[in-house]
Amino acid sequence: MKYDRFYGCELVLYLEMELKCLRTFLKCALGWSEYLLLNKSVDNDDEVAVVSLGSLLCKIKDALFIFIRDFGSISQLENTSFVLVDIDRCFMLCGEIQKIFSRCKPTTRYHPIDSLDLLQIYDMLSRFDENNKVLGQQINRGYITFSDCLSKLASPMRDVHELMELINTVLENLTGILNCCDGNFHVRFTMEAFHVRLQNLKVKLRSLKSFICFAKFQVVEHSQLENLLIHAEIFTLKAMHFLYMFWDYIMYEMAQRSEDEVVEDDILIKSHEMLQKIMFVDPFVPEIHIQALLALKASGSTLSLEMKNKEIARDFVDSLSATLWILLANSDNTSFLVSVTDQMQILYYGLLFLRTLLTNQQENFDELHEEMKDFVGDLVNEAGTVVCLLCVNGVKDGFAKETNDAICDFLQKIKVIKPEVRNKYPVTSTPNFPKTNQLGFIDFLLENIKELANCKVNSITLEEDQIQVSEKDLVFLRSFLHKFVDQHEELQSLQSRVMEVAYKAEFVIDSLMVGNVECSPLLFETIVEEMKHIRIEAMQINESMKYNMVEVQKFTETSSFVRSQGSTSTMDEDVLKLDEETTAIIDRLTRGSMQMDVVTIVGMAGLGKTTLAKIVYNDPSIMYHFHIRSWCCVSQLYSKKDLLLQILHCITGKHCNTNLKEMNEDDLDVQLYRHLKGNRYLVVLDDLWGTEAWNELKNSFPEDANASRVLVTSRLQDLASEIKSNSISHALRLLTNDESWELLKMKLFVQERFSSAMHVLGKEIASNCKGLPLTIVIMAGILSTLEQDGWEEVLRSLSSESVSRTEQCRYTLELSYKHLPDYLKSCLLYFGLFPEDEFISTKRLVWLWIAEGFVQKTELKTLEEVAENYMMGLINRSLVMVEKRRSIGGVKICKIHDVIHEFSVAKAREENFLELLHGGNELFTFHEAGKVRRLCIYSDAKDFEEARLFCPRVRSLIYFGLDYDCRVYPSSFSHVFRIFRLLRVLDMYQIDVGDVFPTEIELLILLRFLSLGVSVKSIPPSISNLLYLETFLLRGFGGSNSSGLLPDTIWKMKKLRHLHTEHYRSFILPWSHNLENSCGLCHLQSISTIELRCNNMEKIMRLLPDIRKLKCRLSLSHSYSENISVGKCYGKSGWKCDRIFALDSLTRLESLRIYTWAVRDEFRIAFPVSLKKLSLSSFSWQWSEISSIGKLPNLEVLKLKFDSFEGKVWDMEEVEFPKLKYLGLEYLDIVNWTGNGEHFPCLEKLVLKHLRTLEEVPSCLSWISTLEVIEVQGCTKSIVDLVKKIEEEQKAFGNEGIKILIHDP
């Protein structure tokens, strides 16, 4: 073998595995020979086998002797019975080899071996390998002999203890093989073919072991278990035989095959042949298990669940859940997962409930009375019977009566146990559907019902009148709920019934669409009938409402003007004064225009807006400057009268309060106006939630041109401009770490000194509060109850969760959430699925919102534009923070504060909106799948696979790997595609599913959003089965220097809106003549990165009529005769261009990022006039050609990168960019950039990066009045000096706000 292919530590690992496999065989042989010696009756075949075995053992001894002799450390061996000892000594030799490796310093498994000392080891291993290869065929025959002999026996060869030891050995070998193969390129295809089979084999071996242990501890007589023990021994031997053959083949793959010999088809054929030789499952196994369980039941013994027995019962139940999982995940029936969804889901999670109870619920279990403990023991036995019956009869749509009765009985008993442990599993009456944005869900369902009208599933079509009736009823019920439910609490139960029937309708419709025959139109008819009854009831209520419209109106008015208690500041009198913030607000209040003005302080909840306003309000300079000061807390629900009374109370004092309360709103308006008239006043409107309150009060504020002011605090960042055009709000920032510590000290140490230890701990705690004053105040409340020695524990356990669960913070966030429109509530809660402190791509988030159905259609805007407005709505409410903006506005990256993140997670769970599961215990003990609509998983790939989640009703599955970009075998996650059949959103972006695209994905026909990590170079045609797919994201598609190929069927995916691959990969859209009359992908909005070839580019572009954003790579055709457009174009330099890439047919294209590799042919691009953003790379055009770009009438962003243009001089002369706001130049060889005209009349930002040769910039930059920022990085000192000079000249012209950003190279 080619042992020099292996790395240092790998060689030891593989050698150990070789010896383990050989030792396992010798164990079997030794046990078999001892059995024959004890039993005198040996037939002729067995005599031959004994002789053959003796000869084989001698040969093995000789091979070992040669191996040991070569190493030079073991003396002569004479007795065959010491062979096992020899093997043990060989294990010890591995340690000696490891010492040699250590001299080579192999730091990792993949460290190369470069020591000459190892050449001798290579020779030694090669000789041992040659001897072992000769023995291989005889060892295989030996395993067959052992199995044949066992099959003839009437009693097991080994006792239970020996059998358990044998199974443990096989499990150890299996784990060792998986570890050896993990990540090895040479066996990747083999492991992809075998991974699931090996995992299932592990499950079956563990199940067998746990079953035998369970039965043995039930005091079942040995004779009653003989069939089970014989079967177990035969199965274990077959597993040993398979693993021996498999490891031999794997070693051949790893050590013999060259890389160009690794052919997938050949490996799969070989794998198939191996599977034919090894029978994994005896078809009579379930019956054998059932016989043992019946014997157990007949014995009348009760499982005493003491500690040891409880562990045995736990392992048994765990093996049952694993067995059931395999049955469900590998069933050939494609429709049962829907038709028996509820029963199988409850059964599976009933088993997990038992496992959890027996695993880590010691206190809850111990509190049960003895009869209930015995009941649990009996239930464990019944669980085994249920699973075994399913193994016999199969998981299918129509269960056998015996199976069905056993399942129903088991589930009924589970219901009996749960209330007994209500501390862990409380009985709740919460609905199983999300409570958020319920009207939005009905809208989404109505869209689906419209699409169903012409949808045929398995030749079943719903009656058109049924669809129309259900649509009509839903429209009425939606309207009814919108009108009345929020105003009448007594209608909440009706709303729950409406939502329940709506979710039922969705489930049946989606089940039909995925091909579930059992969900017949009759079931939909039942739901339509139920909907009809609810509509009649709602119509009766609606009629009664008409006779009480006065009361309804009165109720509405009352609810609109209820006095709110307001959101008083959580900061007490001890506040941290931020001098620069305070000074800025005071300056705006006391300086500037003599006209009455509005100053607005904005920021997220808990940031200290009210506190700052109070500091300013009570500042001596303010008190001196204004004649009248008044404070009014507005909040969400308010009445105009109440606001007027608050303001007047501050002005007139308590003695006038009684008389004022008796006045109506008009009289109070007059009173306030009279008090303020002629005085310079300051009125604070604290916690304003919209312009409505301002519009009702503004006429009460007289305009006397005496510099009066209104100070507003709000979470709405755009409120200032809504109140008064051109008004700029003051955005309150987060505290620095030092300021956070000062605030914490202020709250904790008002009257006492603090030790140095407390100083250190306190600073770290304050830093962990991440700048939010409300969080710091809450943390101070926690620390104030602890002694000094408790602070260290607080620091270790500090998290946003411990802070935001306090009532104080919860109230503030709850208030903000309650005031959100329903559609924004869903959008905010969706942030909870992202990891804490995650920088979130706004683009990706918007696509997810659309796929989830949160975004409502409008006539004038695209779904993406509406969703971006939703995002701005959350930002303006200070619930979402902008981390990075786009070149000309808009948000590119966003995030939320930790406190708001924790609130979102908690609220999402409370509303049944989202469930988050972290790795380890959370995954393995999860048992509430029936309530989960969206499931987000944080774990490594191994935990995700082994958790065996069964959630067939889940609609969204989002995975965040702890091991980002980990590679897995596609078969590891095939269950996701087989079980999660109703998914609309599948995001597994952080997992690389390997070199073969998972074809099972075609089962998920309801998908609207699909994101995968792959290493494939082509996508199978079956992807077109995903007819509803809107967003398709691939990470790693194609090669690093080649493009991936999409199938011809991609053109059938008419609903596709976004098609993207990342990590500098590109793909090719196929073209064929049968597409001549196709309308193409008429809804596609964005695509990246596509390879465009000039011979078919015009035809491809015609099939993308609605494209808005395009990232592409140009590739010139090998055949010049197929040019899409031929003409003559002469630039200033006189060079001829006869090649044109025509993109001007894309009349809706707004953003274009285009580059080319190794192309230096003469060509030009016809850009569409709709273009707003353009990025060019690697074209090497002459600067004279930029004039065509300057003529683009709507261009606002231009980025010229990486040799997009060549030439030392760029003289703009008469070139003008009429609307350009952003200009970026990067990695260009330009030396002189000149221009003295109005080339950039609208330029706001100029970015110069890595322009090593640039010496001159245009003089016109000094007088561009719109210029706000110049950013410089990696340029010469002379350019930095020129930019600073521009800054001085700009300020001299009155542009005081210009910013110059100089970065290190």
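Residue numbers count from 1 along this sequence.
L1248 and C1275 make their closest contact through O-SG, 3.8 Å (heavy atoms, listed as atom of the first residue, atom of the second, distance). L1246 and L1267 make their closest contact through N-CD1, 4.4 Å (heavy atoms, listed as atom of the first residue, atom of the second, distance). Closest of all the heavy-atom pairs between P1241 and P1218 is CG-O, 3.6 Å. Taking every heavy atom of both residues into account, G1080 and W1051 meet most closely at CA-CE3, 4.2 Å. Between L1282 and E1255, the shortest heavy-atom contact is CD1-O, 3.5 Å. The two residues M1101 and L1092 come nearest to each other via the heavy atoms CE-CD2, 3.5 Å.
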Checklist line | I893 vs T842, side-chain contact (heavy atoms from CB on, under 4.5 Å): CA-CA, chis, key distance, verdict | finding: CA-CA 6 Å; I893 304 293; T842 303; 5.7 Å; no

Next item on the list: For side-chain contact (heavy atoms from CB on, under 4.5 Å), just list the numbers for C1112 and L1152, CA-CA rounded to whole Å, side-chain angles, deciding distance to a tenth of an Å, and then say yes or no.
Entry: CA-CA 8 Å; C1112 61; L1152 174 62; 4.2 Å; yes

Note to self: Between T1276 and V1280, does the side-chain contact (heavy atoms from CB on, under 4.5 Å) criterion hold? Intermediate values first, please.
What the structure shows: CA-CA 7 Å; T1276 62; V1280 173; over 6 Å; no

Notebook entry, point to check: salt bridge (charged side-chain N to carboxylate O under 4.0 Å, His left out) between E883 and K892: does it pass, once the steps are laid out?
Noted result: CA-CA 8 Å; E883 190 64 29; K892 188 172 186 178; over 6 Å; no

Next item on the list: Begin with the C-alpha distance, continue with both residues' side-chain angles, and end with the deciding distance and a verdict on ring pair (Phe, Tyr, Trp, His ring centres under 6.0 Å) for W1263 and F1293.
Entry: CA-CA 7 Å; W1263 59 76; F1293 281 108; 7.4 Å; no

Notebook entry, point to check: Step by step, would you call K1284 with E1288 a salt bridge (charged side-chain N to carboxylate O under 4.0 Å, His left out)?
Noted result: CA-CA 6 Å; K1284 290 180 178 179; E1288 295 174 358; over 6 Å; no

Item checked: Steps toward side-chain contact (heavy atoms from CB on, under 4.5 Å) verdict (I896, E838) -> CA-CA 8 Å; I896 59 175; E838 177 90 347; over 6 Å; no

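Figure legend: cation-pi geometry between K884 and F839 absent, as NZ or CZ is not positioned both under 6.0 Å from the six-membered ring centre and within 45° of its axis. At least one cation-pi condition fails for R1113 and F1067: the charged atom is not both under 6.0 angstrom from the six-membered ring centre and inside a 45 degree cone around its axis.
Counting heavy atoms from C-beta outward, V866 and T862 have side chains that stay 4.5 Å or more apart. Side-chain contact between D1203 and F1179 is absent, with no heavy atoms from C-beta onward closer than 4.5 Å. Using a 4.5 Å heavy-atom threshold, the side chains of I850 and E1030 count as touching. Taking the side chain as every heavy atom from C-beta outward, D1144 and V1169 never approach each other to under 4.5 Å. Looking at W847 and H1058, their side chains come closer than 4.5 Å, going by heavy atoms from C-beta outward. Taking the side chain as every heavy atom from C-beta outward, V602 and S729 approach each other to under 4.5 Å. K1245 is listed as a side-chain neighbour of Y1222, based on a closest heavy-atom distance under 4.5 Å. In this structure the side chain of N1232 never reaches within 4.5 angstrom of the side chain of K1208, judged on heavy atoms.
Ring pair F1205/W1183 is parallel by interplanar angle, where below 30° counts as parallel and above 60° as perpendicular. Between F1240 and F1217, the ring-plane angle classifies as parallel under the 30° and 60° cut-offs. Using the six-membered ring where Trp is involved, H1250 and Y1227 have ring planes that are parallel, under 30° apart on the 30 and 60° scheme.
The closest side-chain donor-acceptor pair between D1106 and Q1085 falls under 3.5 angstrom. Between the side chains of S1011 and R844, at least one donor-acceptor pair of N or O atoms lies under 3.5 Å.
Here L1171 contributes atom CG and R1148 contributes atom CZ; the two are 15.5 Å apart, rounded to the nearest 0.5 Å. Between the OH atom in Y1155 and the OG atom in S1066 there is a gap of 5.0 Å [rounded to 0.5 Å]. For the atom pair CG of L1243 and CD of E1238, the computed distance is 13.0 Å after rounding to the nearest 0.5 Å. To the nearest 0.5 Å, the span separating CG on L1261 from CD1 on I1286 amounts to 4.5 Å. Here CG of L1198 is found 6.0 Å from CD1 of I1189. Values are rounded to the nearest 0.5 Å. Atom NZ in K1191 sits 12.0 Å away from atom CD in E1216 (nearest 0.5 Å).
A salt bridge is absent between E1098 and R1102: the closest approach of a Lys/Arg side-chain nitrogen to an acidic carboxylate oxygen does not fall below 4.0 angstrom. Look at K1299 and E1271 and you find no salt bridge, because none of the NZ, NE, NH1 or NH2 atoms lies under 4.0 Å from a carboxylate O. Classification of E580 and R733 as a salt-bridged pair holds, one side-chain N sitting under 4.0 Å from a carboxylate O. Ion pairing between D1281 and K1285 fails under the 4.0 Å rule for side-chain N and carboxylate O. Salt-bridge formation is not detected for the pair R1164/E1185: no Lys NZ or Arg NE/NH1/NH2 atom is positioned less than 4.0 Å from an Asp or Glu carboxylate oxygen.
With a 6.0 Å radius and a threshold of 12 heavy atoms from other residues, nucleotides or ligands, N1236 has its CG atom at or below the threshold. Heavy-atom contacts from other residues, nucleotides or ligands closer than 6.0 Å to NZ of K1172 number 12 or fewer. Residue K1054 places its NZ atom among more than 12 non-hydrogen atoms of other residues, nucleotides or ligands, all under 6.0 Å distant.
Judged by distance alone, with hydrogens and angles left aside, the side-chain atoms of T1253 form a donor-acceptor pair with the main-chain N or O of D1229 at under 3.5 Å. Checking side-chain atoms of S1262 against main-chain N and O of E1289 turns up no donor-acceptor pair under 3.5 Å. The backbone N or O of K1219 lies less than 3.5 Å from no partner atom in the side chain of E1196, so there is not a single donor-acceptor pair. Checking side-chain atoms of R1057 against main-chain N and O of H1083 turns up no donor-acceptor pair under 3.5 Å.
Not counting sequence neighbours, E1244 has no partner by the salt bridge (Lys or Arg N to Asp or Glu O under 4.0 Å) test. For T1266, there are no side chain to side chain donor-acceptor pair (under 3.5 Å) partners at least two apart in sequence or on another chain.
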